Amino acid sequence: MYRDRSNQSGDISEMTVYLDMIKRGWIVSLPSSRDAVYDLVVDMGKAGFQTVQVKTMGGNSIAKVIDRSGERVSVNGKVRNSLDYAEHGIDWLAGVTKDGRIYYYKLETYGKIKAKSFSVNKYPSDEFPINEVPSRHTVRQKNTEKNSRLLVTKVA
């Protein structure tokens with residue numbers, strides 16, 4: 001049972017991005033600790049692993065720097081005043097609206113924005129890459145067609 005709506009909406013946003021990345025053909029992992037600076041890790045194949053921070057948007061705004069105002073990050077934990085995702089080298093910032101729309105920003109894009117938060121209306125989002133995943137049936141069919149051509153060539 002959720003104790004507050006903030007955690008619930010954050011989990012919904014993370015799972016929305018998680019599912020979108022799987023639909024885009026990537027393998028997605030979750031960090032083993034909530035203390036991680038990122039929310040997701042994406043296996044981009046030959047491009048390596050990319051980190052993603054997911055933010056639930058308030059209106060059309062995404063926060064790229066979180067001001068914790070001296071909040072403790074864990075029980076008996078250290079105090080952290082602010083957290084800048086660009087300074088931590090988070091590869092992607094993903095903002096999710098209440099109705100499930102996702103706005104992706106590469107580090108190279110959101111890192112140049114001077115403000116602690118920004119409007120998706122002012123800064124166009126980046127396209128998160130798509131990995132075209134062939135279906136097994138397509139691969140088998142191509143292999144069968146290739147083997148058939150080889151067989152015809154050998155017979156002829």
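Being a predicted model, the structure only gives us computed values, none of them experimental. Computed over heavy atoms, backbone and side chain alike; hydrogens, waters and symmetry mates excluded.
- Under 3.5 Å, the side chains of Lys64 and Tyr105 contain no donor-acceptor pair of N or O atoms.
- Formation of a donor-acceptor pair under 3.5 Å by the Asn7 side chain with backbone atoms of Gly10 is not found in this model.
- For the pair Val41/Gln50, no side-chain contact is recorded, criterion being any heavy-atom separation below 4.5 Å from C-beta on.
- Looking at residues two or more places apart in sequence or on another chain, you find a side-chain hydrogen bond (donor to acceptor under 3.5 Å, both in side chains) between Asp126 and Thr109.
- Under the ring pair (Phe, Tyr, Trp, His ring centres under 6.0 Å) criterion, Tyr110 pairs with no residue, sequence neighbours left out.
- Between Thr16 and Gly100 the shortest heavy-atom distance is CG2-O, 3.9 Å.
- The list of salt bridge (charged side-chain N to carboxylate O under 4.0 Å, His left out) pairs with a residue in residues 16-31, not counting sequence neighbours, reads Asp20-Arg24, Arg24-Glu127.
- In terms of heavy atoms, Tyr85 sits closest to Val37 at CE2-O, 3.8 Å.
- Pairs of residues two or more places apart, or lying in two chains, that qualify as salt bridge (charged side-chain N to carboxylate O under 4.0 Å, His left out) and include a residue from residues 100-113 are Asp99-Arg101.
- Taking CD of Glu14 as the reference point, atom OG of Ser9 lies at 10.0 Å (rounded to 0.5 Å).
- Remark: the backbone N or O of Ile90 is not paired with any side-chain donor or acceptor of Gln53 at under 3.5 angstrom.
- Counting heavy atoms from C-beta on, the side chains of Leu83 and Val65 never come closer than 4.5 Å.
- Here Phe49 pairs with nothing under the ring pair (Phe, Tyr, Trp, His ring centres under 6.0 Å) rule; sequence neighbours left out.
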(request) Take Ser61 and Ser117 through the test side chain to side chain contact (heavy atoms under 4.5 Å, CB included) and record every step on the way to the result. (result) CA-CA 6 Å; Ser61 178; Ser117 65; 3.7 Å; yes
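- In the hydrophobic clustering, Tyr18 connects to Met15, Val17, Met21, Ile22, Trp26, Val28, Leu30, Leu40, Val42, Met44, Val52, Val54, Trp92, Val96, Ile102, Tyr104, Phe128, either directly or through intervening members, whenever side-chain heavy atoms lie under 4.5 Å apart.
- Between the side chains of Asp11 and Tyr2, at least one donor N or O sits under 3.5 Å from an acceptor N or O.
- In this structure, the separation between NZ on Lys122 and CG on Asn60 is 11.5 Å, given to the nearest 0.5 Å.
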(message) Is there a side chain to side chain contact (heavy atoms under 4.5 Å, CB included) between Thr97 and Tyr103? Walk through the geometry before answering.
(response) CA-CA 8 Å; Thr97 62; Tyr103 297 87; 3.7 Å; yes
(message) Working note: Ile66 + Lys55, criterion side chain to side chain contact (heavy atoms under 4.5 Å, CB included); need CA distance, chi angles, decisive distance, verdict.
(response) CA-CA 10 Å; Ile66 301 302; Lys55 304 308 298 174; 3.5 Å; yes
